[in-house]
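Counting convention: from 1, in listed order, for ligands and their atoms alike. Just the heavy atoms: all of them, side chains too, but no hydrogens, waters or symmetry mates, feed the values below.
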Amino acid sequence: MGASLKRAAHDILIGNDLGGYTVPTKGLYPYQWNWDSVFVALGFATFDLDRAWRELETLFEGQWTDGMVPHILFRKNDPGYFPGPSVWQTSHEPFPTSGHSQPPVAAIAVRDMFEKAPADENAERAKGLFPKLMAFHRWWATYRDPSGEGSVAIIHPWESGRDNLPDWDEPLSLVDVSRIDAYERKDTTHVDASMRPLKQDYDRYMAILQSGRAVGWDPHKVVENSPFLVADPAITMILLRANRDLLALAERLGFQRERVEIQGWIAQLERGVASLWNETVQAYTTKNLRSGVFGAGVSSAAFLAPFAGISDPKVLDPMRNHFDRIAGKVTYMVPSYDPDYEGFEHMRYWRGPVWAVVNYMIARGLREQGDTLRAERVRQDTANLVAKSGFAEYFSPIDGTGAGGRSFSWTAAVWLAWVSPTHAVEAA
Ligand code: GLC
């Protein structure tokens with residue numbers, strides 16, 4: 001089984017490769033996506049390191065002059081996708097992009113790839129990307145932490161990469177949709193509407209997009225003008241982790257001057273993440289920076305604390321309790337949202353389904369902290385999901401049904417980089 005899945009995963013990456021960049025899946029997502037490309041690079045790195053570097057280099061071709069790396073790079077127009085470049089109306093050259101970012105996982109992969117084989121050529125590729133990573137992380141610190149508090153905010157649910165998380169419901173309910181342009185969705189022509197966000201969500205997504213477009217995507221004004229500004233624990237913890245990896249890279253690659261700046265970012269995030277601790281839920285949750293309201297339940301982000309290098313028992317003990325409670329409820333860990341919460345839907349996108357890339361980050365953090373039992377549960381469940389339902393976009397935590405797009409690049413990539421039986425031997 002292992003060998004044929006490995007071959008299938010290779011074939012998916014190669015089949016979705018459009019020449020130096022990889023689409024998440026054909027049809028539903030026909031462009032280059034930010035964090036997808038990073039996980040794809042980790043997959044390629046298992047058999048073609050040169051191609052893995054290429055994936056990250058092409059991703060950074062989309063970087064804006066202010067440092068932002070957009071969530072979508074529209075290299076060729078594809079009428080099968082909405083909202084495309086004519087809706088976003090950004091001004092990046094030589095190809096258009098979307099107007100906001102996605103979880104900053106890139107530095108994590110660059111460090112991994114460099115450490116895989118720190119030969120001269122890898123050092124050169126990592127050095128080439130280093131200043132771009134600095135500019136990207138500086139952009140997050142400058143524009144997405146407006147109060148300087150150390151918790152990272154998003155201006156659109158799409159920026160989180162967890163588009164219709166139940167925690168966005170409260171902030172989205174405050175978004176005025178009375179002036180949105182007429183539009184026609186394309187996603188539901190590719191996959192079953194019951195697995196996708198609702199129309200009421202989409203209307204709000206469009207209203208927020210229009211608010212950024214109205215200020216010409218100026219990074220300061222976007223934050224001032226957005227009807228949606230929510231601190232996201234997943235991005236905050238991913239950025240904290242990515243900064244630690246960036247610091248290690250700076251040390252290994254000889255970027256001495258940058259170290260102090262990165263250390264400052266780390267200290268700020270270590271302080272700031274505490275502001276997302278939700279006493280009632282006993283977990284890190286989202287926090288609406290406009291209304292002050294916290295997210296209502298435990299999302300998979302709560303389990304990223306070890307990945308962020310957080311070792312405080314006051315955080316980790318309740319986190320383990322949540323893990324064990326949820327693990328007793330579902331067949332496959334880790335659901336994107338707490339199954340004990342009324343907003344949970346096992347097949348609808350980020351309202352319950354399991355996502356292989358999130359599992360990868362959760363398990364990696366758990367293992368790094370020596371929690372091999374829980375880490376191995378997450379890895380084994382992910383392996384079982386792929387064995388049962390193939391390389392789907394996401395999976396039901398209840399019955400393992402595959403959902404959304406098929407032949408999905410990041411699911412194939414994390415299979416190669418982490419899930420496959422070869423890694424079970426390492427984990428034992
Ligand atoms: C969806 C996901 C997002 C992902 C994109 C492409 O929008 O929510 O996280 O990057 O699809 O796979």
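- For R244, the side chain to side chain donor-acceptor pair (under 3.5 Å) partners two or more places apart in sequence, or in a different chain, are E270.
- Protein residues with a heavy atom closer than 4.0 Å to ligand 1 are P24, Y29, W33, W35, D36, Q102, G161, D163, Y349, W350, F408, W410, listed by chain and number.
- Between Y31 and Y81, a ring centre-to-centre spacing shorter than 6.0 Å is recorded.
- Applying the ring-ring contact (aromatic ring centres under 6.0 Å, His included) rule to Y394 yields the partners Y349, W355; only residues at least two apart in sequence or on another chain are considered.
- A side-chain donor-acceptor contact under 3.5 Å links S98 and H71.
- Applying the side chain to side chain donor-acceptor pair (under 3.5 Å) test to Y284 and every residue at least two apart in sequence or in another chain returns nothing.
- When side chains are defined from C-beta on, H346 counts as touching P397, because their heavy atoms get closer than 4.5 Å.
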